[in-house]
Q: 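Just dropping this structure here.
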Amino acid sequence: MAEKTDDAPATSEQEIYEARLAKARALREKGVPPWGNGHPVRDAIGEVAAAHGGKTGEALEVEKPAVSIAGRIVAARSFGKAAFIALRDRTGQIQAHVRRDVLGEAAFEVFGLTDVGDFVAVEGPLFRTRTGELTVRAEKLTFLTKALRPLPEKWHGLSDVETRYRQRYLDLVANERARETFRRRFALVRAVRAFLDARGFVEVETPMMHPLVSGAAARPFTTHHNALDADLYLRIAPELYLKRLVVGGFERVYELNRNFRNEGISTQHNPEFTMIEFYQAHATYEDLMELTEELLRRVATEVTGGARVPYQGEILDFGAPFRRVTMTEAVRQVAPETAADDAALVAAFEEEVEPTLVQPTFVTQFPTSISPLARRNDADPRFTDRFELYVAGREIANAFSELNDPIDQQERFARQVEAKRRGDEEAMDYDADYIRALEVGLPPTAGEGIGIDRLAMLLTDSPSIRDVILFPLLKPEPK
RNA sequence: GGGCGCCUAGCUCAAUUGGCAGAGCAACGGACUCUUAAUCCGUUGGUUGAAGGUUCGAUUCCUUCGGCGCUCACCA
């Protein structure tokens, strides 16, 4: 480039860094801040492309639409006295033609100190190149930010899994697939909220730090509040707080936020994960099956463009009504000789049935013994009015008609406490205030939790939960 | 936590039976005012994850450790 900053070739990481640092100093000597302040940008690249992408070169020649854009230089092709640079912002990518005779000597020297990875602003008219590409003629170029570290390789991108997770910013800069995955995740979250908002649900926030462990079967993280000298647990579920709100008159509530479970990490589990829980008074678990079908059909369509979603070689169909089967019946179909007790039933279900449930399937009527917060079935109190939704062999949602009988709930809690005393680390605590709330009166209510990360995996065709969590938990980076 | 696998230049990857650590991209110098992974000429860049061991000689074989991935267990 125009300015020689160092006679020695720079190629190791340290040397590349120092060469770029030298360019930053050279910029500063020219009066150009290498890490500039906010600079007004009028146009979004995607909107420029949308507004003018259909016009011919001749039309642009007449109109000369002036644009003002800014972005990261993601590619550069230099010809000595001119160059093409590809600029990317949040909305898209476009190339700019930088010419010495257009820009002027001094500004072109500044341009000579730019690298791929730097941020610049460009102003000038649009035109079409000989090959027809929509291009900005850089009549003004403002240097915005120097990147001291190089971007990953331009063709193969960044594929090292550990680097992609630890330095997600590099993954996002380098891999369009990663950008699209997270765009979809955010669209999914938006779509879920919009769906429930439209049905009169209110989004609420309940505590993340709990004095008791409840709402799910899981081992908690513990922490401590100094001023109160109180041990607290990071919540494993918001369930009991949300039902307190229904008692208080918020008949339709949801909370879409993080839960924390102190358990193993896998392609399906991250210690902190996002779940939506929602509660609807005067509904039953059967109402929620219908709501869930509608919700997933809507969300899948909004996020992926259709209700039939490709996932790891299968097509998941969220368009048709989902299959419904009781746990007992599902087990009977694959393992007719399974013993009648709850533990054997659940074990057979998890081992034999779960992996086979590829298309969306509601499994209903879970044993009361493993459903301490769910209402018993009126006809058979051994089971509860509960369902879990399975897709691609995984649990995606869990819902039930809520147990609103304070007497029964006291007994269920007592059984949990007894299990905990016997060594069940995932058993719940006895929540006396929750009993008090039920005694004030919880109207008949149904509630559901949907694993947002797992749903995001399905809608982005991602095999690992880490692919849909921006910063998955990893071991601390070794020195 | 158990089992299996991987770790080589900034990035993506090679390296015969154990025999001088290489390529492309990026970078640096030069040419080049319409490129699209620009092209052409030239130049660099390495504690082969770490520490030991075997060997005349280790990227290669062995041990330990670290990180990551897959998987099993646990869970959503």
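Being a predicted model, the structure only gives us computed values, none of them experimental. Just so we're on the same page: letters track the sequence lines, and every chain starts at 1.
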Q: With C1' as the reference atom in both, quote the distance from B:A26 to B:U64 in angstrom, rounded to an integer.
A: 37 Å
Q: Can you tell me how far C1' in B:C20 sits from the matching atom in B:G24, rounded to whole Å?
A: 22 Å
Q: A:Glu426 side chain: which of B:C74, B:G69, B:U12 is closest?
A: B:C74
Q: Just checking A:Asn270: base, sugar-phosphate only, or nothing, at a heavy-atom cut-off of under 4.0 Å?
A: base
Q: Tell me which pairs pass salt bridge (charged side-chain N to carboxylate O under 4.0 Å, His left out) where either residue lies in residues 451-462 of chain A, with sequence neighbours left out.
A: A:Arg185-A:Asp453
Q: Hey, does the side chain of A:Thr267 come within less than 4.0 Å of B:U71's phosphate (OP1/OP2), counting only N and O?
A: yes
Q: Using atom P of each nucleotide, how far apart are B:C28 and B:C4 to the nearest Å?
A: 46 Å
Q: What do the steps show when you test A:Tyr254 against A:Leu242 for side chain to side chain contact (heavy atoms under 4.5 Å, CB included), and what is the final call?
A: CA-CA 8 Å; A:Tyr254 72 90; A:Leu242 292 173; over 6 Å; no
Q: Within the 3.5 Å criterion, strictly below it, is a donor on A:Arg235 or A:Thr206 matched to an acceptor on the partner's side chain?
A: yes
Q: Taking the side chain of A:Lys23 as its heavy atoms from C-beta onward, which of B:C28, B:G10, B:A73 lies nearest to it?
A: B:C28
Q: From the set B:A76, B:G67, B:U12, return the single nucleotide nearest to any side-chain atom of A:Asp160.
A: B:U12
Q: Measure the distance from CZ on A:Arg164 to C1' on B:C6 and round it to the nearest whole Å.
A: 16 Å
Q: Nearest-Å distance, CG (A:Asp115) to P (B:G10)?
A: 17 Å
Q: Between A:Leu240 and A:Ser214, which heavy-atom pair has the shortest distance, and what is it?
A: CD1-OG, 3.1 Å
Q: Taking the C1' atom of each, how far is B:U36 from B:G3, in whole Å?
A: 48 Å
Q: Roughly, in whole Å, what's the span from CD in A:Glu13 to P in B:C25?
A: 20 Å
Q: Phosphate oxygens OP1/OP2 of B:C68: is one of them under 4.0 Å from a side-chain N or O of A:Thr163?
A: no
Q: Heavy-atom count around A:Arg324 CZ within 6.0 Å, excluding the residue itself: above 12?
A: yes
Q: Considering only nitrogen or oxygen atoms on both sides, find all protein atoms under 3.5 Å from nucleotides 48-50 of chain B and state each distance.
A:
none

Q: Whom does B:G5 pair with, Watson-Crick or G-U wobble, provided both distances fall under 3.5 Å?
A: B:C68
Q: What is the nucleic acid contact for A:Ala217, judged by heavy atoms within less than 4.0 Å: base, sugar-phosphate only, or nothing?
A: sugar-phosphate
Q: For A:Ala218, is there any backbone N or O sitting under 3.5 Å from a side-chain donor or acceptor partner on A:Glu426?
A: no
Q: If the P atom of B:A9 is compared with that of B:G30, how far apart are they to the nearest Å?
A: 28 Å
Q: Hydrogens and angles aside, do A:Thr135 and A:Gln95 bring a side-chain donor and acceptor to less than 3.5 Å of each other?
A: yes
Q: A:Arg454 side chain: which of B:A76, B:U12, B:C28 is closest?
A: B:A76
Q: Rounded to whole angstrom units, what separation is found between the NZ atom of A:Lys475 and the C1' atom of B:C7?
A: 15 Å
Q: Could A:Arg137 and A:Phe127 be counted as a cation-pi pair, given that NZ or CZ must be under 6.0 Å from the ring centre and within 45° of the axis?
A: yes
Q: Please tell me whether A:Thr129 and A:Thr131 have a donor and an acceptor in their side chains that are separated by less than 3.5 angstrom.
A: yes
Q: Considering only the C1' atoms, how many Å lie between B:C72 and B:C13, rounded to the nearest integer?
A: 32 Å
Q: B:C11 and B:C62: how far apart are their P atoms, nearest whole angstrom?
A: 27 Å
Q: A:Tyr165 near the nucleic acid: base, sugar-phosphate alone, or nothing, with a heavy-atom cut-off under 4.0 Å?
A: sugar-phosphate
Q: Return the nucleotide paired to B:C56: Watson-Crick means purine N1 to pyrimidine N3 with N6-O4 or O6-N4, wobble means G-U with N1-O2 and O6-N3, both under 3.5 Å.
A: B:G19
Q: What is the pairing partner of B:C34, taking Watson-Crick or G-U wobble pairs with both distances under 3.5 Å in any strand?
A: none
Q: Establish, from distance only, whether the side-chain atoms of A:Tyr165 and A:Asp467 form a donor-acceptor pair under 3.5 Å.
A: yes
Q: Given B:G45, B:A26, B:A76, identify the nucleotide with an atom nearest to the side chain of A:Pro150.
A: B:A26
Q: Just how far, in rounded Å, is P of B:C74 from CD of A:Glu395?
A: 15 Å
Q: Using heavy atoms to find the nearest nucleotide of RNA chain B for A:Ser159 and A:Asp453 separately, return the residue whose nucleotide is more 5′.
A: A:Ser159
Q: Going by the side chain to side chain donor-acceptor pair (under 3.5 Å) test, which pairs reach into residues 385-397 of chain A, not counting sequence neighbours?
A: A:Gln268-A:Arg394, A:Tyr311-A:Arg394, A:Glu354-A:Tyr390, A:Gln365-A:Asp385, A:Ser371-A:Arg386, A:Asn377-A:Asp385, A:Arg386-A:Glu388, A:Arg386-A:Asn398, A:Glu388-A:Tyr390
Q: Go through B:C68, B:A76, B:C70 for me and flag the one nearest to the A:Ser464 side chain.
A: B:C70
Q: Assign a letter to each nucleotide of nucleotides 32-41 of chain B from its 5' end: B, base within under 4.0 Å of a protein heavy atom; S, sugar-phosphate only; -, no contact.
A: BBBBBBB---
Q: Only pairs with both distances under 3.5 Å count, Watson-Crick or wobble alike; so what is the partner of B:U48 in this structure?
A: none
Q: Touch check for A:Gly157, heavy atoms < 4.0 angstrom, all strands: base, sugar-phosphate only, or nothing?
A: sugar-phosphate
Q: Which value, in whole Å, describes the distance between the C1' atoms of nucleotides B:A58 and B:U48?
A: 11 Å
Q: What is the separation between atom CZ on A:Phe221 and atom P on B:A76, rounded to the nearest whole Å?
A: 15 Å
Q: If B:A26 has a Watson-Crick or G-U wobble mate with both distances under 3.5 Å, name it; if not, just say none.
A: none
Q: Suppose the criterion is side chain to side chain donor-acceptor pair (under 3.5 Å): which pairs have a residue in residues 61-75 of chain A, not counting sequence neighbours?
A: A:Lys55-A:Glu63
Q: Take the protein atom CG of A:Asp467 and the nucleotide atom C1' of B:C68, then report the distance between them rounded to whole Å.
A: 14 Å
Q: Within the structure shown, what part of the strands sits under 4.0 Å from A:Leu474 by heavy-atom distance: base, sugar-phosphate, or nothing?
A: sugar-phosphate
Q: Expressed in angstrom and rounded to an integer, what is the separation of A:Leu473 atom CG from B:A76 atom C1'?
A: 16 Å
Q: Mind checking what makes ring-ring contact (aromatic ring centres under 6.0 Å, His included) contact with A:Phe195, not counting sequence neighbours?
A: none
Q: Would one find a side-chain N or O of A:Arg466 under 4.0 angstrom from OP1 or OP2 of B:G69?
A: yes
